[in-house]
Structures are given as C-alpha cells and as structure tokens.
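Reading through the structure tokens given below for one structure.
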Amino acid sequence: MKLCAHIENWELLRPFRIAGAKWTTATVVVVQISDGKYIGRGEAQGVYYLHETPASILKQVEAVADRIEQDISREQLPELLPSGGARNAIDCALWDLDAKRSGRTIWQLTGIDPHPVVTAYTIGIEPTAEMMADHAAAAAQYPVLKIKLDDDQPIERLVAIRAARPDAELIVDANQAWSFDLLTDILPQCVSLNLTLIEQPLPRGGDEALDEFESPIPLAADESCLDTSELDTAANRYDVINIKLDKTGGLTEALRLARATQEKSCKLMVGNMMGTSLAMAPALVVAQLCDYIDIDGPLLQKFDHPGGITYTSAEAAVFDPTFWG
C-alpha cells in the first residue's frame, strides 16, 4: 500500500460568503491510496469553524501515512484520527479502493440503491438584498434555494429573494449567526415567507434554549452535530440533522450517523463544505437516505473533474464507478 496526498485549488464562479467566512477558491486535500494495481481517491476541505485548514489536514494525513500503508481497515481509522477532514479523505479513498479491488460498486458495498437526486443551490451573502435577489432570479433552473444569512437584515433579504423567486423552495442557513431572541422575533415573518427549513440559527454550544422550544419551521443542526457522539443532544433540539463528510470523518461514520438519526425520528440532510465531484460522490451516497440534499459544490466552481457528477439543472446524476466507488 502506498499513500500520497496533495492540495488542490479550484476557483469559484464568484466569491462565496457566509456568516463569518468568505472563500474565492475551494482549497481541498486529495488523498490517493494505491495497492500497486488500483488507486482509491478521497477529497476533503475540512471543518473551518474547528480551525482545520488544508495545511493542517495534510499534516494529519502525512502523520498516519505509515499506518495506512500497513493496509489498515476503515473500521480502524478512528483509532488513528478524530473526525474531521483528514479522516474523511482517507476513509473515502479506502472506500474507493475497496470497490475497485472487489469489483463491486459502492452501491453494492453499502447495500444502498442509487438514483439521481435534486440538490439545493446556494445563494451566498451579498452586500445588499437586491444583489441576493438578482442571484436567486438568475438561478431559475434550481427549484430549491439555500439562502445564506447572518444577522444583518435577514428578513429584508428574504423578502427580496421571495419576490424574485415566488416559485422556489427556500432553505435558510444562518451558520450560527443568530441569537435566540432574533430567531423568535423573525419566525412569524419566516412562516409568512413559506420557508421550508432554518439551518443552524444559534451558535454551536450556545443552543440550549432550543431544548424546550417548538418551532413552527423545522430547525436543522449542522455545526451542532458533528458525528454520532453528538446526536443525542442535537436530536433533542433540532428536527433535522445535516450530515457532512468532513464533519463525520468520512462515509463510514456518515452512514452510521444517518442510520442512528433515523432511529431518533429526526429527518436527514446531507451538505457539503464545497469541493469537487470527488467530494460530492460519497455525499451522493448519503443523499439516497436524506430528506434534504445540498451537494452543489461543483455548481459553485468554474471547473470540475472530467467524468465527475453530471448536473442537469438541479438534478445530480449517479456517478460512473470508474470515477469513484
């Protein structure tokens, strides 16, 4: 077994801003694991709000490369690495390698039946409500829009977007930027604007006010649920759990979290930290189990891998196993 890893930069169509962060490129770490005949690949961007960077992920990967090259299994990975970007890239590379070695697809390995899915398309924060409405109008081919907001004029922005896209299903993602008072103040207007979902309104570690709260709009945990170890608390506060492979540390834990979430009677969402089709392919596996789907990373970029996931408007096709899995 031989492991190698490197950093790639993929330019975005436009600067992408959310509450507290901004990107102009999707900078990712790619891990390749070879057995001399087959090569498995995995991609990660990491968890920015936990201070992961491409450099820190690459350092983590290189620190365990010798152990991985001893033909370690996916089930043994948590003994080497915590959940996060490094484990995600390695775990996904091992899934890809397992599929190629066995001659079985990822669908056969996981027992999941594949079908195309409809992804949300994300509208980042812009300086004005009018600019966000213009972007929403330009995204007419996407029936589901995920709207990034902070605490600056959230309702004004949503009103403008709803006027521009009266037909769209709207999901809001505040990325921890709201207070409980702001949430409760604007919820009636959010109801009148017919929002489908509000994702992570309150800060991670500061959302205990949701313990007894009954929201008229479903609330989703993103930053507040990294992996299965945080599910019990999150399930008491949220209606939906957003699974991201960079948070869980790979597809193995993501599938475990998905099944545990279903047992809690919470709904499921799959998201992404941006990235190419190489990151979206394992997320599309999780998407088969989800009620809400956000795997639009390649749609926000100028370029993607040849042979990657094909998007027809909002529909993401099942990828070819020669690309991944």
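A donor-acceptor pair is defined here as one N or O able to donate and one able to accept, closer than 3.5 Å; such a pair exists between the side chain of Lys247 and the backbone of Asn242.
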Result block: side-chain N/O donor-acceptor pairs under 3.5 angstrom for residues 189-198, not counting sequence neighbours:
residue, atom, partner, partner atom, Å
Ser192, OG, Gln189, O, 2.7
Thr196, OG1, Glu169, OE2, 3.4

For residues 115-125, please give each side-chain donor-acceptor pair under 3.5 Å, one per line with the distance, not counting sequence neighbours.
residue, atom, partner, partner atom, Å
His115, NE2, Gln288, OE1, 3.1
Thr119, OG1, Ile295, N, 2.9
Thr122, OG1, Asp296, OD2, 2.9

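Taking CZ of Arg162 as the start and CD1 of Ile155 as the end, the distance is 12.0 Å to the nearest 0.5 Å. With rounding to the nearest 0.5 angstrom, the CD atom of Glu69 is 9.0 Å from the CD1 atom of Ile33. Taking NE2 from His305 and CH2 from Trp10, the interatomic distance works out to 4.0 Å, rounded to the nearest 0.5 Å.
A donor and an acceptor atom, one from each side chain of Ser179 and Asp181, are nowhere located under 3.5 Å apart. Side-chain contact of Ser73 with Gln76: a donor-acceptor pair under 3.5 Å is present, judged by distance alone. The closest side-chain donor-acceptor pair between Gln200 and Ser224 falls under 3.5 angstrom.
Heavy-atom neighbours of Glu212 CD from other residues, nucleotides or ligands within 6.0 Å: at or below the threshold of 12. Heavy-atom contacts from other residues, nucleotides or ligands closer than 6.0 Å to CZ of Arg67 number 12 or fewer. Within a 6.0 Å radius of CG in Asn9, more than 12 heavy atoms belonging to other residues, nucleotides or ligands are found.
The side chain to side chain contact (heavy atoms under 4.5 Å, CB included) with Leu94 is formed by just one residue from the set Asp96, Ile90, Asp91; it is Ile90.
Linking Ile, Leu, Val, Met, Phe, Trp and Tyr residues whenever their side-chain heavy atoms come within less than 4.5 Å places Tyr311 and Val286 in a single cluster. Linking ILVMFWY side-chain heavy atoms closer than 4.5 Å, directly or via other members, places Ile112 and Ile309 in a single hydrophobic cluster. Grouping the Ile, Leu, Val, Met, Phe, Trp and Tyr side chains by contacts below 4.5 angstrom, directly or via other members, places Val144 apart from Ile147.
Proximity of Thr248 to Leu255: side-chain heavy atoms (C-beta onward) are nowhere separated by under 4.5 Å. Looking only at side-chain heavy atoms (C-beta outward), Trp324 and Glu43 stay at 4.5 Å or farther from each other. Looking only at side-chain heavy atoms (C-beta outward), Cys225 and Tyr238 stay at 4.5 Å or farther from each other. The closest side-chain heavy-atom distance from Tyr48 to Ile18 is below 4.5 Å.
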**Request:** Take Glu253 and Thr228 through the side-chain hydrogen bond (donor to acceptor under 3.5 Å, both in side chains) test and state the conclusion after the steps.
**Result:** CA-CA 8 Å; Glu253 172 65 12; Thr228 309; 2.4 Å; yes

